[in-house]
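Below is one structure, written out as structure tokens, with a few remarks after it.
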Amino acid sequence: MPKSVHETVKSAIRKLADNYRAELSSQIDKRVDEMSSDNNSHYLIYRILGISTSEGQLIDVYQNKGRFLYKYAGSFLEEAACICLKNKFPNAKKERIPNTISQRPKMFEIDCLIEKEAIEIKWRDATTDGDHITKEHTRIQAIKTHGYKPIRVMFYYPNREQAIRIQETLKTTYNGVGGLYYSGDQAWNYLKDKTGIDLFKILEELVDEYEEN
């Protein structure tokens, strides 16, 4: 009996997850090993501020682990979403377009281009950098100029007030050029409605399988 679409996509995402889990573990182990020979003279300042040497060591280790985790979590979820889109739309692809609005950057990358729909996929965006708004605004305008419809799909909304304000500004910008902006539950539902695949359910099933083993 042929596999269902759900099982076919789930198998592809499981393979992706296995690769990311192995690579993340390898990168973390490598960095922690490197840190064992680091110069830790800055712990003097930690101690001045009431952080013990042992606690300072843990903070530094987990700060480095966190950097890798955030990077890999974002890339994994973005690729998993693309698997769903490409399963439904085989011609979906990444696309690079020139920046026709300003000098920097020279190019913008579209995560998933489906005919005239330019979909940007984010796992979350907690930036509080004001320059981020300018860059995103330029990106949206460049996409529009190329005749594409900009669509932002962000699965997890930020928690901090300033980051939330930036997302609200971006949402207004997308709407202002006839684009679409989805975040949180709307993002998961958009992907499900667009592809017929419940990515959230697949991820929950994979978590259960990993944690059983």
Practice item. Would you indicate whether the side-chain heavy atoms of E205 and H6 approach each other to under 4.5 Å? Key: yes
Exercise for review: Count the heavy atoms of every other residue, nucleotide or ligand shown that sit under 6.0 Å from NE2 of H137, and state whether that count exceeds 12.
Suggested key: no
Exercise for review: Mark yes when over 12 heavy atoms from residues, nucleotides or ligands other than E115 sit less than 6.0 Å from its CD; otherwise mark no.
Suggested key: no
Name each donor-acceptor pair under 3.5 Å that joins a side chain in residues 61-68 to protein atoms two or more places apart or in another chain, with its distance.
from	atom 1	to	atom 2	distance (Å)
N64	OD1	R31	NH1	2.9
N64	ND2	D60	O	2.8

Point to revise | Check against side chain to side chain contact (heavy atoms under 4.5 Å, CB included), L191 and D198 | key: CA-CA 8 Å; L191 188 65; D198 191 339; over 6 Å; no
Revision key, fill the gap. CG of L170 to CZ of R139, rounded to nearest 0.5 Å, is 10.5 Å
Review point. Any chain of hydrophobic side-chain contacts (each under 4.5 Å) joining Y70 to I59?
Key: no
Point to revise | K30 side chain reached by E34 side chain, heavy atoms, under 4.5 Å | key: yes
Practice item. Using salt bridge (Lys or Arg N to Asp or Glu O under 4.0 Å) as the criterion, point out the one residue from K122, K171, R152 that pairs with E136. Key: R152
Check your understanding: Taking everything shown except R47 itself, do over 12 heavy atoms lie less than 6.0 Å from its CZ?
Key -> no
Review point. Would you say L69 and I28 make side-chain contact, with heavy atoms under 4.5 Å?
Key: no
Check your understanding: Under 3.5 Å, side chain of K144 to main-chain N/O of V177, donor-acceptor pair present?
Key -> yes
Practice item. May I ask you to test the I164-E161 pair for a side-chain heavy-atom distance under 4.5 Å? Key: no
Check your understanding: For the residue pair W188 and F200, is the inter-centroid distance of their aromatic rings smaller than 6.0 Å?
Key -> yes
Check your understanding: Parallel, tilted or perpendicular: which describes the rings of H42 and Y46, with under 30° parallel and over 60° perpendicular?
Key -> perpendicular
Review point. Is Y181 reachable from Y156 through a run of I, L, V, M, F, W or Y residues, each pair having side-chain heavy atoms under 4.5 Å apart?
Key: no
Point to revise | Side chain to side chain, V153 and W123, heavy atoms closer than 4.5 Å | key: no
Revision key, fill the gap. CD1 of I83 to OG1 of T195, rounded to nearest 0.5 Å, is 12.0 Å
Exercise for review: Hey, could you give me the NE2/NZ distance between H146 and K116, rounded to the nearest 0.5 Å?
Suggested key: 10.5 Å
Check your understanding: More than 12 heavy atoms of other residues, nucleotides or ligands under 6.0 Å from CG of N40: is that the case?
Key -> yes
Donor-acceptor pairs are to be reported for all side-chain atoms of residues 100-114 against protein atoms at under 3.5 Å, with residues two or more places apart or in another chain.
from	atom 1	to	atom 2	distance (Å)
S102	OG	N99	ND2	3.0
S102	OG	R104	O	3.2
D111	OD2	I121	N	2.8

Check your understanding: Just by distance, do the side chain of S11 and the backbone of E7 share a donor-acceptor pair under 3.5 Å?
Key -> no
Check your understanding: Between the side chain of T8 and the main-chain N/O of S4, is any donor-acceptor distance below 3.5 Å?
Key -> yes
Point to revise | Separation between CD of Q186 and OH of Y157, rounded to the nearest 0.5 Å | key: 10.0 Å
Exercise for review: Please answer whether the main-chain N or O of Q141 pairs with a side-chain N or O of T145 as donor and acceptor at a distance below 3.5 Å.
Suggested key: yes
Review point. How far apart are the C-alpha atoms of I151 and Y182, what are their side-chain angles, what is the distance that settles it, and do they pass the side chain to side chain contact (heavy atoms under 4.5 Å, CB included) test?
Key: CA-CA 8 Å; I151 300 173; Y182 300 99; 4.1 Å; yes
Practice item. Would you indicate whether the side-chain heavy atoms of L203 and F76 approach each other to under 4.5 Å? Key: yes
**Study point:** Side chains of C84 and I13 in contact at under 4.5 Å (non-hydrogen atoms)
**Key:** yes
Check your understanding: S25 side chain to A22 main-chain N or O, any donor-acceptor pair under 3.5 Å?
Key -> no
Check your understanding: Any side-chain heavy-atom pair from N175 and L180 closer than 4.5 angstrom?
Key -> no
Exercise for review: Check for a donor-acceptor pair, side chain of D33 on one end and backbone N or O of D29 on the other, with a separation under 3.5 Å.
Suggested key: no
Review point. Does the pair K10 and E209 meet the rule for a salt bridge (charged side-chain N to carboxylate O under 4.0 Å, His left out), with working shown?
Key: CA-CA 12 Å; K10 180 180 174 181; E209 292 173 14; 2.7 Å; yes
Review point. Ion pair present between E23 and R21, side-chain N to carboxylate O less than 4.0 angstrom?
Key: no
